[in-house]
Amino acid sequence: MTKKTWKVKGLLEAATGYLKKKEIHNPRLDAEVLLAHLLKVDRLNLYLNIEQPLTEKEVSGYRSLIQRRGLREPLQYITGVQEFWSLDFRVNSQVLIPRPETELLVGQALARIRTTAGFQTEGGKMLDLGTGCGAVAISLAKELPEARLWASDISAGALEIARINAERHRVSERIEFRQGDLWEPFINHDITFDIILSNPPYIASEDYDELPPEVRDYEPRLALDGGKEGMSYIEKIVKGGVDYLKEGGWLILEMAPEQTDEALRLTGQTNGYSERARIKDYSHRYRVVLARKAKSSGKTKMLASTSFPLSVKGAGI
Ligand code: GLN
């Protein structure tokens, strides 16, 4: 019996059907992304060559990628890349896959630099606490050619990927990577920052089992589990932040919408912050809390909460 010759069209249809049965959200899209990845072409190219026959080797290679996705491994771990701030980042199971909402941290850092009167601008010092694959620090290094950045993570595996990404984006000479838990790499180092950013682990331990399998079974728990109510790192970062910020410097922290009330309360309770605010994400839910270290001792003042200025990127804000 002659073996079936698979063409792009039929193979995509078969893979889509398989992924659909496995309850994958976007079966057709994932089938296309994985075939394009395997053939090292753009997705559009698949449509331009929809009748192209594939070799047996290509078909078996594709089958194993589709099976991995069928087991709910995230697409990005299979392809090894995720786009963030219009840049490509290498990812593997050592790092959290960067999420679109985390771009808010980058946007807010740029907005603070450009709109805060008298604020240290381009040459500033910034820290990305818990950098993962390095997306936030590297995006800022690309946007601000004069800035110096520090990026830390408790995970050596994550820092390895972050360093690779910094090399690829040619900013490694401006980012100093340090390994350690939270503030630990900065104790006794005598650096204070104009801006500290963090997307800390903030999933409530109690909710962990309910996460989608892609997240729960494949992404690093270390990067996601924020302890009771997901607040344990947020609290330590808010409380410790004043010691590592310059006067007038900003702490910019991502969290879940329902955590922002408590985080704002904590900034009010901690001595040393003046202004504070929270910012909504693309789906209009509070996602980022900001707190500014007081210039001299002063009471905390609540800024009017704003939505994310969608035009911040490239708009010179
Ligand atoms: N945004 C991620 C999620 O909801 C959580 C990221 C984090 O804990 N830092 O899956």
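Numbers for residues simply follow the sequence, beginning at 1. Source: prediction; values computed, not measured. First listed ligand is number 1; within each ligand, the first listed atom is number 1. These values consider heavy atoms only, across backbone and side chains, with no hydrogens, waters or symmetry-generated copies.
By the 3.5 Å distance cut-off applied to N or O atoms, Asn199 is counted among the residues near ligand 1.
Residues Arg28 and Glu32 are paired through a salt bridge, judged by an N-O separation under 4.0 Å between the basic side chain and the carboxylate. Looking at Glu23 and Lys21, no side-chain N of the basic residue comes within less than 4.0 Å of a carboxylate O on the acidic one, giving no salt bridge. A salt bridge does not link Arg69 to Glu73: none of the charged side-chain nitrogens sits closer than 4.0 Å to a carboxylate oxygen. Under the 4.0 Å criterion applied to side-chain N and carboxylate O atoms, Lys125 and Asp194 are not assigned as salt-bridge partners.
Within the 4.0 Å heavy-atom cutoff, Val215 does not count among the residues contacting ligand 1.
Chaining together hydrophobic side chains whose heavy atoms lie under 4.5 Å apart places Leu34 alongside Trp6, Val8, Leu11, Leu12, Tyr18, Leu19, Ile24, Leu29, Val33, Leu35, Leu38, Leu39, Val41, Leu46, Tyr47, Ile50, Leu54, Val59, Tyr62, Leu65, Ile66, Leu75, Ile78.
Between Tyr202 and Glu254, the side chains place a donor N or O and an acceptor N or O closer than 3.5 Å (distance only, hydrogens not considered).
For ligand 1, the atoms closer than 4.0 angstrom to any heavy atom of Glu101 are 1 (N).
Ile203 CD1, 3.9 Å is the protein heavy atom nearest to atom 4 (O) of ligand 1. At the shortest separation from atom 10 (O) of ligand 1 among protein heavy atoms lies Arg99 NH2, 3.3 Å. Looking at atom 1 (N) of ligand 1, its nearest protein heavy atom turns out to be Tyr202 OH, 3.1 Å.
By the criterion of a heavy-atom distance under 4.0 Å, the backbone of Pro200, and not its side chain, is placed next to ligand 1.
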